[in-house]
Undergrad: 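Submitted below is the structure of interest, expressed as structure tokens.
Computed over heavy atoms, backbone and side chain alike; hydrogens, waters and symmetry mates excluded.
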Amino acid sequence: MPNHATRSLFLSCALIALLTVPVAARAEEPTPAPPPPALVNRLPAFHDVAKANAAQLAALPAQGEALALFKTAIGPQLGLQDAAMTIGAKGLTPTMSRELLITDLTRAANELVRALAAWQLAQVTKDLNSTTTADQRQAVQRQVEAQMTWLTEGTSLESALKQVLALSSESPTEEQIARLGGAAADLQAWASETAHREWFRIYNWKDQVRQQRGLTRLCGTWQWSIHNHQNHREEKTSVIFAPPGTVSSNSPAEITVLGDSVYLRWETRAGVQEDSLIFSAEGQRLEGTFVNTAGGWGSITGKRTATCFNEGGGKPTVSPRRQHH
């Protein structure tokens, strides 16, 4: 049995350990809860982009190309880098250009830059007041004269631009300042609507290209074998997918194709059915499952039996009306 000195030393060490080690029984501090999910606001600050590129926008179209400004500055600043690089790509074949919707993409980019030019002009028009110098007024007049044809082509801006041109010829009165504010508001309203519309078109461009590719790949006649595990029923049916851009009352309410994955949503009087499928055999087969609101669920195996068009006449075949399985 240890002697008294040894026992005292042991008790001292134990006491020191208890005083230096945190109490194990102490409750752990609560971990902060993660922030709740929220919708992301992807809209850029068009006002700031117009202001940052004011000099280049004011010089268009005489001293620069709108498309070049989009590729080098506007596109990247608005989060449209992929579109800017695609428009500037060299060596695209005609087929690739059509598949990438280059014509529509280029038109949208030009229109977006034109909207920002009108936005910038609206900003400088708002700044015209009784203290504005003659040089500042003349700069606005020169810009309006240079951009009049460009900004009024296919738009309703002619009246507002002519008003700015007339009222900026001399130091404005309070009444003229109010009228200038109205003209600027008209310019900005058109610019805002156009910029948002064209930005959304360009922002969604990649998804549209993917969808077009998917619909083209899916187009044709398919022989489907369907097994419903709810009633153990086996059924064969022909499903026809029309070419992209063709509207059919018997087409799925929603089609999403991402790579080899295919999602179909059918909406009928009987309810809703969703098919989740995968391309295989170099796109000649579709395999997957279905589920519907009637409780049915099971497997689908599809085999392509015809291409997108009939051999005679080149018109797409009409698909039979879809029923729940």
Undergrad: Could you list the residues that satisfy side-chain contact (heavy atoms from CB on, under 4.5 Å) with Ser280, not counting sequence neighbours?
TA: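 Testing Ser280 for side-chain contact (heavy atoms from CB on, under 4.5 Å), a comparison that skips the adjacent residues, returns Arg285, Glu287.
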
Undergrad: When you compare the side chains of Gln120 and Asn53, does any donor N or O come within less than 3.5 Å of an acceptor on the partner?
TA: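 There is no such pair (donor and acceptor under 3.5 Å, judged by atom type) between the side chains of Gln120 and Asn53.
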
Undergrad: Would you mind reporting whether Ile226 and Lys236 have side-chain heavy atoms less than 4.5 Å apart?
TA: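 They are not in side-chain contact.
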
Undergrad: Indicate yes or no: at least one non-hydrogen side-chain atom of Trp150 is less than 4.5 angstrom from one of Thr155.
TA: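 When only atoms from C-beta onward are counted, Thr155 and Trp150 do not touch, as no gap falls below 4.5 Å.
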
Undergrad: If you compare all heavy atoms of Met96 against all heavy atoms of Arg213, which two are closest, and at what distance to 0.1 Å?
TA: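 Scanning both residues completely, I find the closest heavy atoms to be SD-NH2, 4.5 Å.
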
Undergrad: Step by step, work out the side chain to side chain contact (heavy atoms under 4.5 Å, CB included) result for Thr293 and Gln273.
TA: CA-CA 7 Å; Thr293 51; Gln273 178 160 310; over 6 Å; no

Undergrad: Indicate if Leu43 and Leu112 have the same hydrophobic cluster label, given that clusters are the connected sets of ILVMFWY residues with side-chain heavy-atom separations under 4.5 angstrom.
TA: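 Yes, Leu43 and Leu112 fall within the same hydrophobic cluster.
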
Undergrad: Give a yes or no on whether a salt bridge exists between Arg142 and Glu145, defined as a side-chain N under 4.0 angstrom from a carboxylate O.
TA: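 No.
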
Undergrad: Return the CG to CH2 distance between Asp82 and Trp205, rounded to the nearest 0.5 Å.
TA: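 If we round to the nearest 0.5 Å, Asp82:CG and Trp205:CH2 are 6.5 Å apart.
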
Undergrad: Which pairs, with at least one residue in residues 290-308 and sequence neighbours excluded, count as a salt bridge (charged side-chain N to carboxylate O under 4.0 Å, His left out)?
TA: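 Pairs touching residues 290-308 that pass the test: none.
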
Undergrad: Output, in order, the C-alpha distance, side-chain angles, deciding distance and verdict of salt bridge (charged side-chain N to carboxylate O under 4.0 Å, His left out) for Asp48 and Lys51.
TA: CA-CA 5 Å; Asp48 294 340; Lys51 187 175 182 179; over 6 Å; no

Undergrad: Counting distance only, does the side-chain N/O of Thr132 pair as donor-acceptor with the main-chain N or O of Asn129 below 3.5 Å?
TA: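 Yes, the answer is positive, given that a donor and an acceptor are paired below the 3.5 Å cut-off.
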
Undergrad: Would you say CD of Glu193 has more than 12 non-hydrogen atoms from neighbouring residues, nucleotides or ligands within 6.0 angstrom?
TA: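 Open.
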
Undergrad: I'd like to check Val262 versus Ile278 (side-chain heavy atoms, cut-off strictly below 4.5 Å). Are they in contact?
TA: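 Side-chain contact under 4.5 Å: no.
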
Undergrad: Over all heavy atoms of both residues, which pair between Leu157 and Leu151 is shortest? Give the atoms and the distance, please.
TA: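 Smallest interatomic distance, heavy atoms only, reads CD1-O, 3.6 Å.
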
Undergrad: Regarding Lys162 and Glu158, does a basic nitrogen lie under 4.0 Å from an acidic carboxylate oxygen?
TA: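 Salt bridge between Lys162 and Glu158, a charged N being under 4.0 Å from a carboxylate O: yes.
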
Undergrad: Minimum heavy-atom separation for Leu180 to Thr125, with atom names?
TA: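 Closest approach of Leu180 to Thr125: O-CG2, 3.7 Å.
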
Undergrad: Between Trp266 and Asp275, is there a side-chain donor-acceptor contact under 3.5 Å, judged purely by atom types and distance?
TA: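 The answer is yes; a qualifying pair exists.
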
Undergrad: Roughly how far apart are Leu167 CG and Thr173 OG1, rounded to 0.5 Å?
TA: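 So the gap between those two atoms works out to 8.5 Å.
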
Undergrad: Spell out, as yes or no, whether a donor-acceptor pair under 3.5 Å connects the side chain of Gln163 to the backbone of Gly182.
TA: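 Checked: no pair found.
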
Undergrad: Would Arg265 and Ile255 count as a side chain to side chain contact (heavy atoms under 4.5 Å, CB included) if you check the C-alpha gap in whole Å, the side-chain angles of each, and the deciding distance to 0.1 Å?
TA: CA-CA 7 Å; Arg265 177 183 175 90; Ile255 302 176; over 6 Å; no

Undergrad: Are Leu92 and Met85 linked, directly or through other ILVMFWY residues, by side chains that come within less than 4.5 angstrom of each other?
TA: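 Result: no, two separate clusters.
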
Undergrad: Quick one: does Val113's side chain get under 4.5 Å of Leu67's, heavy atoms only?
TA: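 Side chain of Val113 against side chain of Leu67, heavy atoms only: no contact under 4.5 Å found.
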
Undergrad: Would a 4.5 Å heavy-atom cut-off, applied to side chains only, mark Val49 and Ile74 as touching?
TA: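 In short, these two side chains touch, coming nearer than 4.5 Å.
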
Undergrad: Give a yes or no answer on whether the side chain of Ser169 reaches the backbone of Ala166 with a donor-acceptor pair at less than 3.5 Å.
TA: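 Pair found, side chain donor or acceptor close to backbone of Ala166.
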
Undergrad: Within the 4.5 Å heavy-atom criterion, are Thr216 and Cys219 side-chain neighbours or not?
TA: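 Heavy-atom side-chain distance check fails, nothing below 4.5 Å.
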
Undergrad: Can you tell me how far the CH2 atom of Trp222 sits from the CD1 atom of Ile240, to the nearest 0.5 Å?
TA: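 These two atoms lie 13.0 Å from each other.
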
Undergrad: When rounded to the nearest 0.5 angstrom, what distance separates CG in Leu101 from CD in Gln208?
TA: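 Separation between the atoms: 5.5 Å.
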
Undergrad: Does a side-chain heavy-atom distance below 4.5 Å link Arg201 with Asp104?
TA: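 With C-beta onward as the side chain, the pair touches.
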
Undergrad: Any link between Leu187 and Ile177 through a network of hydrophobic side chains (Ile, Leu, Val, Met, Phe, Trp, Tyr) touching at under 4.5 Å?
TA: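 They do not share one cluster, since no chain of ILVMFWY contacts under 4.5 Å joins Leu187 to Ile177.
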
Undergrad: Roughly how far apart are Phe241 CZ and Leu215 CG, rounded to 0.5 Å?
TA: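 It is 10.0 Å, given to the nearest 0.5 Å.
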
Undergrad: I'd like to know if Tyr203 and Leu258 are part of one continuous hydrophobic network [Ile/Leu/Val/Met/Phe/Trp/Tyr, side-chain heavy atoms within less than 4.5 Å].
TA: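 They do not share one cluster, since no chain of ILVMFWY contacts under 4.5 Å joins Leu258 to Tyr203.
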
Undergrad: If you round to the nearest 0.5 Å, how far is CG of Leu116 from CG of Leu78?
TA: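 Between Leu78 CG and Leu116 CG, I get 6.5 Å after rounding to 0.5 Å.
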
Undergrad: Taking all non-hydrogen atoms of both residues into account, name the closest pair between Pro76 and Thr72 and its distance.
TA: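 The answer is CG-O, 4.1 Å.
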
Undergrad: Answer whether the closest heavy-atom distance between the side chains of Ile300 and Leu277 falls below 4.5 Å.
TA: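 Yes, close enough: below the 4.5 Å cut-off.
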
Undergrad: Whether the side chain of Gln147 engages the backbone of Leu57 through a donor-acceptor N/O pair (distance < 3.5 Å, no angle test) should be reported.
TA: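 Indeed, once roles are kept as given, a pair shorter than 3.5 Å links the two residues.
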
Undergrad: Output all residues satisfying side-chain contact (heavy atoms from CB on, under 4.5 Å) with Glu234, sequence neighbours left out; order by chain, then residue number.
TA: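 Only His227 meet the side-chain contact (heavy atoms from CB on, under 4.5 Å) criterion with Glu234.
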
Undergrad: Any donor and acceptor pair, going by atom type alone, linking the side chain of Asp207 with main-chain N or O of Arg210 inside 3.5 Å?
TA: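 No.
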
Undergrad: Quick check: closest heavy atoms across Ser168 and Gln141, and the distance to 0.1 Å?
TA: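 For Ser168 versus Gln141, the nearest heavy atoms are OG-CG, 3.1 Å.
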
Undergrad: May I have the step-by-step check of side chain to side chain contact (heavy atoms under 4.5 Å, CB included) for Thr152 and Leu161, ending in yes or no?
TA: CA-CA 9 Å; Thr152 57; Leu161 290 172; 3.6 Å; yes

Undergrad: Using modelled atom types and a 3.5 Å cut-off, is there a donor and acceptor pairing between side-chain atoms of Ser192 and backbone atoms of Gln188?
TA: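 No, the answer is negative, given that no donor and acceptor are paired below the 3.5 Å cut-off.
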
Undergrad: Go through the steps for Glu198 and Arg114 under the test side chain to side chain contact (heavy atoms under 4.5 Å, CB included), then give the verdict.
TA: CA-CA 11 Å; Glu198 300 304 327; Arg114 186 166 71 144; over 6 Å; no

Undergrad: Please name the pair of heavy atoms, one in Ala195 and one in Ala115, separated by the smallest distance, quoted to 0.1 Å.
TA: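 Taking every non-hydrogen atom into account, N-CB, 3.7 Å.
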
Undergrad: Main chain of Gly259, side chain of Arg217: is a donor-acceptor contact present, judged purely on distance under 3.5 Å?
TA: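 Yes.
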
Undergrad: Could you tell me if Glu254 and Tyr263 have a donor-acceptor pair between their side chains, going purely by distance under 3.5 Å?
TA: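 No, Glu254 and Tyr263 have no side-chain donor paired with an acceptor closer than 3.5 Å.
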
